Amino acid sequence: MKLLSEDLLKEYGFIEKAHTPDRVIIKIMTRDLIDIAIRKDGIYYSNMGIDYPLRDTAALRKLYKEIKNEDLKPIHPDILSE
C-alpha cells in the first residue's frame, strides 16, 4: 500500500483539471469524471459538500470501485499491485 501523491495519481491515469486555485485546493486531478482534490493538508474526494480523505492507494481503489463498479488499474506497468 502506497501513500497517495500527485505522481501516483498520474500513474493511475488521473490528469490535472483546470480550476481557479484558492487558499485550500492546490490542484484537482480527474479521471472518468472522478475529481480528486490535492490540498495543503492532504488528498481528498469531495461529494455533496463532504470531503473524504484518501491516504493510500487502497482507499483510492475502493472509492473508484464503489463509484464506477470496476477496478482501478494503473496505466503504467511498473506499479506493483497490492
Side-chain angles (χ1 to χ4, degrees):
M1 196 172 355
K2 295 180 182 180
L3 293 179
L4 279 184
S5 66
E6 179 180 348
D7 291 334
L8 195 59
L9 287 170
K10 287 179 182 177
E11 290 176 3
Y12 275 97
F14 285 82
I15 57 171
E16 188 171 349
K17 181 178 180 180
H19 81 288
T20 304
D22 58 33
R23 293 182 297 154
V24 179
I25 297 175
I26 298 170
K27 287 184 181 180
I28 295 179
M29 305 293 288
T30 189
R31 176 181 171 175
D32 300 329
L33 301 176
I34 297 175
D35 293 341
I36 305 295
I38 300 174
R39 301 183 350 188
K40 293 178 182 180
D41 62 344
I43 297 176
Y44 294 84
Y45 168 72
S46 295
N47 187 23
M48 298 180 69
I50 300 172
D51 294 334
Y52 299 95
L54 298 172
R55 302 200 189 295
D56 53 35
T57 55
L60 178 64
R61 293 170 79 171
K62 180 180 177 186
L63 171 73
Y64 192 88
K65 178 85 172 179
E66 289 176 4
I67 294 172
K68 293 294 183 182
N69 292 323
E70 63 184 60
D71 291 330
L72 175 65
K73 296 181 178 150
I75 58 171
H76 298 291
D78 57 343
I79 298 177
L80 298 175
S81 61
E82 289 120 70

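In this text, all values refer to a predicted model and were calculated from it rather than measured experimentally.
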When you look at Leu60 and Ile36, which way does the side chain to side chain contact (heavy atoms under 4.5 Å, CB included) test go after all the steps? CA-CA 9 Å; Leu60 178 64; Ile36 305 295; 4.2 Å; yes

Can you check side chain to side chain contact (heavy atoms under 4.5 Å, CB included) on His19 and Ile25, steps first, answer last? CA-CA 9 Å; His19 81 288; Ile25 297 175; 3.7 Å; yes

Steps toward side chain to side chain contact (heavy atoms under 4.5 Å, CB included) verdict (Lys65, Asp71): CA-CA 5 Å; Lys65 178 85 172 179; Asp71 291 330; 3.3 Å; yes

Apply side chain to side chain contact (heavy atoms under 4.5 Å, CB included) to Tyr64 and Ile34, showing your working. CA-CA 8 Å; Tyr64 192 88; Ile34 297 175; 3.5 Å; yes

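In this structure, CD1 in Ile43 is found 9.0 Å from CE in Met29, a value given to the nearest 0.5 Å. Note: Tyr45 OH to Leu54 CG = 9.5 Å, rounded to the nearest 0.5 Å.
In summary, Arg39 and Asp41 engage in a salt bridge, as defined by a charged side-chain N under 4.0 Å from a carboxylate O. Salt-bridge check for Lys17 with Asp35: passed, with a basic side-chain N closer than 4.0 Å to an acidic carboxylate O. Ion pairing between a basic and an acidic side chain is recognised when a charged N comes within 4.0 Å of a carboxylate O; Lys68 and Asp32 show no such pairing.
Of the possible polar contacts, one joining the Ser5 side chain to the Leu8 backbone as a donor-acceptor pair under 3.5 Å is found. A donor-acceptor pair under 3.5 Å is absent between the side-chain atoms of Arg31 and the main chain of Ile15, judged by distance alone. At distances below 3.5 Å, at least one donor-acceptor pair connects side-chain atoms of Asp56 with backbone N or O atoms of Ala58.
In this structure, the side chains of Tyr12 and Arg61 come closer than 4.5 Å at one or more pairs of heavy atoms. Counting heavy atoms from C-beta outward, Ile26 and Lys40 have side chains that approach closer than 4.5 Å.
Here the closest heavy-atom approach between residue Lys10 and residue Ile75 is recorded as O-CD1, 3.8 Å.
Under the 4.5 Å side-chain heavy-atom criterion for ILVMFWY residues, no single connected hydrophobic cluster contains both Tyr44 and Leu3.
Listed by chain and number, the residues in a side-chain contact (heavy atoms from CB on, under 4.5 Å) with Lys27 are Glu6, Glu16, Ile38 (sequence neighbours excluded).
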